[in-house]
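Sharing a structure below in C-alpha cells format, with a few things to ask.
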Amino acid sequence: MIGILLRLVLLPLLAAGAWLAPVQAADVPYLSGRVVDHAEILSPATRDRLTAALKAHEEATGNQVAVLTVPTIDGESIEEYAARVFATWKLGRKGEDNGVLVVIVPQDRKMRIEVGYGLEGTLTDVAAARIIRNLMTPRFKTGNYDEGTADGVLAVIAQLEGKPGIADAAPAAADAHGGRSSFDLDLPDMPWPMRILLGAFIFGVIGLFTFIGVVTPGVGWFLYVFLIPFWAMFPLMIIGMRATLAVFVVYVVGYPIAKVLLARTEWYRKAAQDMKTKGHATIGGFTMTSSGGSSGSSSSRSSGGFSGGGGSSGGGGASGSW
C-alpha cells in the first residue's frame, strides 16, 4: 500500500513539474559596464558610486564583480539565468575564475549572487545568503533599490577583501528593516500560476488520503502516521515554512481529534462493525475493504481481498469420528 501511495503522490508531481517548467529563456543584456541597470531601478549617483568601487576593487585584487538588473526573466529560475549571464559575460580572469555577478529582477522579486569557482572559498554560499537576507532583502521590500543594491555590493567587496563584518550583520538588524527572522525561508522561486496549480495537485492528493484515513475505521491510524512526512515537506514548496508549520500542526492535532469525534457517531460504529463482520463497509458511496482498498459503488468489492470465485458443491467428500 505504501508503494501505491508513493507512486500516486510522487510520479504525478514530477510529471506536473516537468510540464509546468518554463520554456522561454530571458535575454542576456550586453555587458556595457560594471553596473548594467537594464531595469532602471538605480539612480545615476548609485550607479557611479558602485562603478567606482568595483573598479577600485578589480585594480587592487584582480576580481571582476558586475551588477545586472533586469525587469523580468519570464519565469526562468534565477539560478539558471544567473549562470547563463555569467557564462556569456565571462566574468573573472581565465584560469582564476575570480568573478562575481549580482543579479536583481524587481518585477519577479528575485535576486542572486553568482560566484566564480575561484572565489567560492572566500565568498561562500553562507556569506552570500547573509548578504541577501540581512542587507538586500529588507531594503528591497520597502522599494529602496539604491540602498539595498549598494549595501549588498559593498558587502560583497568587503567579504572578498577579507573584511566580512558587513556580511555578518546581525539578523536582528534585518528584522528592524524587513520583519523577518533568520529562521524564515522565502517562498519557493516559481511563478504564481505554477504555484497555484502545483498546490492544488499536492493538497488534493494528500488531502484525499487524509479524508480517507479520517473516515475509514482501522486503516485510518496507519495513514495518519504515513502522511506525516508528506504534510511536513510537500507544502514547503508552495506556501513557505511558517504556513507549512501551521498546516502541519493542524494536521497532527486535528486528525486524531476528528477521528475520535467520528468514532462516536452511529454510522462510524456501523462501518467499523461491518469491516469486522463483512470485511467491507460503505462510506460516502465508496466500499472500503479490510485490506484498505475501495471501489466506486456500494455493490462491488476491492480485488485486493480474498473472496470466493462462485463455485458450488455436489455433495462429495468424507466424514469421520473418534
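FYI, side chains are in, hydrogens and waters are out, and symmetry mates aren't considered; it's all heavy atoms of this structure. Numbering starts at 1 and runs along the sequence shown. Since we're looking at a predicted model, the values are computed, not measured.
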(request) Say whether, by atom type as modelled, one donor and one acceptor occur between the side chain of D146 and the main chain of S43 under 3.5 angstrom. (result)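 Pair found, side chain donor or acceptor close to backbone of S43.
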
(message) Please tell me whether F226 and F211 are part of a single hydrophobic cluster in this structure, the criterion being side-chain heavy atoms less than 4.5 Å apart.
(response)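 In one cluster with F226: F211, yes.
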
(request) Return the minimal non-hydrogen interatomic distance between G152 and M136, and the atom names on each side. (result)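 Minimum heavy-atom contact is CA-CG, 3.7 Å.
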
(message) Check for me, please, whether L208 and V205 land in the same ILVMFWY cluster - side-chain distances under 4.5 Å, paths through other members count.
(response)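 Yes; V205 is reachable from L208 via cluster members.
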
(message) So, taking the atom named CG in L50 and the one named CD1 in I157, what distance separates them when rounded to the nearest 0.5 Å?
(response)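 One gets 7.5 Å once the value is rounded to the nearest 0.5 Å.
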
(request) May I ask you to decide if Y251's main-chain N or O and Y224's side chain share a donor-acceptor pair within less than 3.5 Å? (result)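 Answer holds: no.
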
(request) Could you grab the distance from atom CD1 of I113 to atom CD1 of I104, nearest 0.5 Å is fine? (result)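 So the CD1 of I113 and the CD1 of I104 are separated by 9.0 Å.
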
(request) Determine whether V67 and L54 make a side-chain contact, defined as any pair of heavy atoms from C-beta on separated by less than 4.5 Å. (result)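 In contact.
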
(message) Check whether Y255 reaches the backbone of V250 with its side chain - one donor and one acceptor, N or O, closer than 3.5 Å.
(response)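 Checking the backbone N and O of V250 against the side chain of Y255, no donor-acceptor pair under 3.5 Å is found.
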
(request) Kindly give the heavy-atom pair with the smallest separation between V70 and P29, and that separation in Å. (result)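 Smallest heavy-atom distance, with atoms named: CG1-CG, 3.8 Å.
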
(message) How close do W89 and A66 get, counting heavy atoms only, and between which atoms?
(response)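 Scanning both residues, the minimum pair turns out to be CZ3-CB, 4.1 Å.
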
(request) Could you tell me whether the side chain of T69 and the main chain of A39 form a donor-acceptor pair under 3.5 Å? (result)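 Side chain of T69 to backbone of A39: a pair is present.
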
(message) Checking I132 against T137 for the side-chain contact (heavy atoms from CB on, under 4.5 Å) test, could you report, in this order, the C-alpha distance in whole Å, the side-chain angles of both residues, the deciding distance, and whether it holds?
(response) CA-CA 6 Å; I132 289 175; T137 299; 3.7 Å; yes

(message) For the backbone of T122 and the side chain of Q159, can you confirm whether one donor and one acceptor N or O come within less than 3.5 Å of each other?
(response)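 Pair found, side chain donor or acceptor close to backbone of T122.
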
(request) Say whether V126 and V156 are linked into one hydrophobic cluster, either directly or through other cluster members, by side-chain heavy-atom distances under 4.5 angstrom. (result)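 V126 and V156: separate clusters.
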
(request) Supply the atom-to-atom distance L160 CG to L119 CG, rounded to the nearest 0.5 angstrom. (result)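 Taking CG in L160 and CG in L119, the distance rounds to 5.5 Å.
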
(message) Would you say L245 ends up clustered with F230 if hydrophobic residues are merged whenever their side chains have heavy atoms under 4.5 Å apart, either directly or through other cluster members?
(response)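 Different hydrophobic clusters.
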
(request) Please answer whether the main-chain N or O of I73 pairs with a side-chain N or O of D108 as donor and acceptor at a distance below 3.5 Å. (result)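 At least one qualifying donor-acceptor pair exists.
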
(request) Drop me the distance from L154's CG to L135's CG, to the nearest 0.5 angstrom. (result)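 With rounding to 0.5 Å, CG (L154) is 10.0 Å from CG (L135).
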
(message) Using every non-hydrogen atom in the two residues, find where R49 and A150 come nearest and quote the distance to one decimal.
(response)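 Taking R49 first and A150 second, the nearest heavy atoms are NH1-CB, 3.8 Å.
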
(request) Examine distances only and state if a side-chain atom of R34 and a backbone atom of A53 form a donor-acceptor pair shorter than 3.5 Å. (result)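 Side chain of R34 to backbone of A53, a donor-acceptor pair under 3.5 Å: no, none is there.
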
(request) Could you name each residue pair satisfying ring pair (Phe, Tyr, Trp, His ring centres under 6.0 Å) that touches residues 123-153, not counting sequence neighbours? (result)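 Every ring pair (Phe, Tyr, Trp, His ring centres under 6.0 Å) pair that includes a residue of residues 123-153, provided the two are not neighbours, is F140-Y145.
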
(message) Tell me whether N98 contacts the main-chain N or O of R93 through its side chain, where contact means a donor paired with an acceptor under 3.5 Å.
(response)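 At least one qualifying donor-acceptor pair exists.
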
(request) Could you grab the distance from atom CZ of F203 to atom CG of L198, nearest 0.5 Å is fine? (result)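 Nearest 0.5 Å value for the CZ-CG distance: 10.0 Å.
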
(request) Taking all heavy atoms of I202 and all of F234, pick out the closest pair and write down the distance. (result)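 Closest heavy-atom pair between I202 and F234: CG2-CB, 3.6 Å.
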
(request) Treat each ILVMFWY residue as a node, draw an edge where side-chain heavy atoms are under 4.5 Å apart, and state whether V225 and V253 are in one component. (result)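 Per the 4.5 Å side-chain linkage, V225 and V253 are not co-clustered.
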
(message) Tell me the closest heavy-atom pair linking R84 and V28, and the distance in Å.
(response)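 The pair with the smallest heavy-atom distance is NH1-CG2, 3.6 Å.
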
(request) Without swapping roles, check the side chain of D37 against the backbone of L42 for a donor-acceptor pair under 3.5 Å. (result)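 Here the side-chain-to-backbone pair exists.
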
(request) Measure the CZ-CG distance between F86 and L68 for me, rounded to the nearest 0.5 Å. (result)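 Here the rounded value is 12.5 Å.
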
(message) Does atom CG (D97) have a neighbourhood of more than 12 heavy atoms from anything else shown, all under 6.0 Å?
(response)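 Correct, the count exceeds 12.
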
(request) Please identify each residue that fulfils side chain to side chain donor-acceptor pair (under 3.5 Å) with N144, with sequence neighbours left out. (result)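 N144 satisfies side chain to side chain donor-acceptor pair (under 3.5 Å) with E147 only.
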
